[in-house]
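Before any comments, here is the structure.
The chain is numbered in sequence order, starting from 1.
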Amino acid sequence: MNETLIEIGQRAQTAADQVALLDTATKNRALGAMADALRTHQNEIITANQADLAQATDMPKKFTDRLMVNEQRVADMANGLRTVARLADPTARIDRGWINADGLQILQRRVPLGVIGIIFEARPNVTVDATGLTFKSGNAVILRGGKEAIRTNTALANILRAALEKQGLPADAVQLIEDTSHELAQEMMNLTDYIDVLIPRGGRGLIQRVVKTATVPVIETGAGNCHVYIDKDAALQMATDITVNAKVQRPSVCNAAEKLLIHRDVAAKFLPTIAQALLDHGVQLRGDDQARVIVPQMQAASNADWDTEYNDLVMAVKVVDSLDDAIQHINHHSTHHSEVIVTDSIERGRAFQQRINSACVYVNASTRFTDGGVFGFGAEIAISTQKLHARGPMGLDQLTTIKYEITGSGQVRH
């Protein structure tokens with residue numbers, strides 16, 4: 001095991017023990033100080049990011065939007081920290097309490113997870129979002145970002161650590177691993193003596209590698225093969241607006257829609273209009289046989305298309321015979337992130353929400369709303385697509401667990 005990594009783990013454990021004891025007011029002041037520091041040093045952050053962008057010549061253009069940091073995005077990061085500071089502190093909460101038949105007072109208290117490891121790709125905002133959420137929930141964080149953003153991440157982490165030090169708080173509550181090699185990432189996945197939970201953020205390849213090889217407990221996150229289903233009772237304008245927004249607004253992120261399913265009863269009427277709106281935004285369409293009869297300029301979809309997260313201006317289109325067929329197709333091919341039905345039928349909308357096996361299921365709204373900030377969490381540590389412990393956008397509550405505190409007066413069990 002890498003000695004530097006062990007030292008990072010040891011320092012993180014020490015910091016986690018200290019942060020867990022901080023009161024809410026102290027944590028909130030620190031979050032405000034970190035937000036102020038980001039704005040004060042924004043030129044330093046942007047300069048580091050420009051150096052990263054200059055080196056990212058081999059990165060697909062669709063991913064440079066995730067990597068890029070400008071003045072507005074620094075402001076957004078800082079505002080995210082301030083929003084987290086305004087949220088209720090879950091560790092200040094007792095979930096419930098009771099006295100049992102033996103006269104024992106039992107309290108169920110919300111407590112931090114401890115040391116949280118995050119492996120992520122070229123998204124510098126994760127450095128700030130993760131720091132704010134883990135700190136407010138009483139945890140320490142060890143971050144390992146991709147090589148494409150190493151200069152930006154280093155600048156951000158150093159600024160956040162310095163802000164904590166100025167507040168007299170442990171800078172090691174946030175640590176960045178600057179070695180971006182796959183070998184060190186693999187060792188981090190096995191740092192069971194020091195990391196309590198590991199959260200991967202990135203593409204499906206990264207997530208599956210972590211899930212399959214880590215010995216540290218993992219919260220599976222974020223790959224988004226998201227679907228829009230246009231029901232036979234849908235309104236054309238709403239269907240068009242939602243589909244275009246879900247696909248086009250920011251196609252490189254995990255809550256962008258990748259598939260369009262449309263009921264056969266409205267396909268001939270609706271699909272030409274929706275397809276043209278997507279084509280006008282530069283979307284490449286790949287259709288099944290029935291969709292291509294209606295819109296011949298679509299490319300033919302392959303079997304692999306139905307399971308692919310494009311993260312690009314590409315969308316596969318399928319005509320389905322019924323609501324049941326749509327649900328069956330989605331549950332089989334989805335990554336269980338976010339799905340939407342567009343319909344005027346309350347009953348069919350409710351059936352879709354009940355039967356779709358995904359973390360977020362919408363009626364008549366874009367998949368793009370699956371976001372911790374939009375949900376009111378201030379920011380998000382990730383979007384969990386599993387069912388154990390956490391599901392959907394993860395905020396402060398999902399970075400805590402429970403502990404039982406039991407007080408007696410001399411009871412013994414007979």
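A donor-acceptor distance shorter than 3.5 angstrom exists from the side chain of Glu339 to the backbone of His227, with no hydrogens or angles considered. Listed for the Thr192 side chain is no donor-acceptor partner under 3.5 Å among the backbone atoms of Val216. At distances below 3.5 Å, not a single donor-acceptor pair connects side-chain atoms of Thr180 with backbone N or O atoms of Gly146. With hydrogens and angles ignored, the 3.5 Å screen pairs no side-chain donor or acceptor of Thr243 with any backbone N or O of Thr240. With hydrogens and angles ignored, the 3.5 Å screen pairs no side-chain donor or acceptor of Gln50 with any backbone N or O of Thr47. Between the side chain of Asp288 and the backbone N or O of Val319, at least one donor-acceptor pair lies under 3.5 Å. A side-chain donor-acceptor contact under 3.5 Å links Asn70 to the backbone of Gln72. Side-chain atoms of Asn158 come within 3.5 Å of backbone atoms of Thr154 as a donor-acceptor pair (strictly under, hydrogens ignored). A donor-acceptor pair is defined here as one N or O able to donate and one able to accept, closer than 3.5 Å; such a pair exists between the side chain of Ser181 and the backbone of Leu184.
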Checking side chain to side chain contact (heavy atoms under 4.5 Å, CB included) for the pair Ile383/Thr370: CA distance, chi angles, key distance, verdict?
CA-CA 8 Å; Ile383 296 173; Thr370 301; 3.8 Å; yes
Start with the C-alpha gap between Leu31 and Asn28, add the side-chain angles, then the distance that decides, and say whether side chain to side chain contact (heavy atoms under 4.5 Å, CB included) holds.
CA-CA 5 Å; Leu31 289 166; Asn28 288 345; 4.2 Å; yes
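No more than 12 heavy atoms of other residues, nucleotides or ligands shown are found within 6.0 angstrom of CD on Glu71. Within 6.0 Å of the CG atom in Asp23, the count of heavy atoms belonging to other residues, nucleotides or ligands exceeds 12. Within a 6.0 Å radius of CD in Gln208, other residues, nucleotides and ligands contribute more than 12 heavy atoms. Within a 6.0 Å sphere centred on CD1 of Ile406, other residues, nucleotides and ligands contribute more than 12 heavy atoms.
Between the CD1 atom of Ile119 and the CG atom of Leu198 there is a distance of 4.5 Å, given to the nearest 0.5 Å. The line from CG of Leu236 to CD1 of Ile230 is 9.0 Å long, rounded to the nearest 0.5 Å. One finds the OG atom of Ser338 at 11.5 Å from the CD1 atom of Ile356 (value rounded to the nearest 0.5 Å). Going from atom CG of Leu278 over to atom CE of Met298 covers 8.5 Å, rounded to the nearest 0.5 Å. Atom CZ of residue Arg73 and atom CD1 of residue Ile45 lie 13.5 Å apart, to the nearest 0.5 angstrom. Atom CG of Asn357 is separated from atom OG of Ser334 by 8.0 Å, given to the nearest 0.5 angstrom.
Side-chain contact check for Asn364 and Tyr362: no donor-acceptor pair (N or O, by modelled atom type) lies under 3.5 Å. With 3.5 Å as the limit, one finds no donor-acceptor pair spanning the side chains of Tyr310 and Asn225. Side-chain atoms of Asp52 and Thr152 include a donor-acceptor pair closer than 3.5 Å. With no hydrogens or angles considered, a side-chain donor-acceptor pair links Asn190 and Thr215 at under 3.5 Å.
Ile142 pairs in a side-chain contact (heavy atoms from CB on, under 4.5 Å) with only one of the listed residues (Val174, Ile177, Asp172, Ile118), which is Ile177.
Ion pairing between a basic and an acidic side chain is recognised when a charged N comes within 4.0 Å of a carboxylate O; Asp179 and Arg144 show no such pairing.
Val218 has its side chain out of reach of Ile199: every pair of non-hydrogen atoms, C-beta onward, lies at least 4.5 Å apart. In this structure, Tyr194 and Val115 have side chains that are not in contact, with every pair of non-hydrogen atoms separated by 4.5 Å or more.
Applying the side chain to side chain donor-acceptor pair (under 3.5 Å) test to pairs two or more places apart or on separate chains, those with a residue in residues 86-95 are Thr24-Asp89, Lys27-Asp89, Lys27-Thr91, Thr83-Arg86, Asp89-Thr91, Arg93-Asp95, Asp95-Gln108, Asp95-Arg110. Legend: salt bridge (Lys or Arg N to Asp or Glu O under 4.0 Å) pairs involving residues 34-50, not counting sequence neighbours, sorted by first then second residue: Asp36-Arg82. Residues in residues 356-373 take part in no salt bridge (Lys or Arg N to Asp or Glu O under 4.0 Å) pair, two or more places apart or across chains.
The six-membered or imidazole ring of His329 lies near that of Trp306, with a centre-to-centre distance under 6.0 Å.
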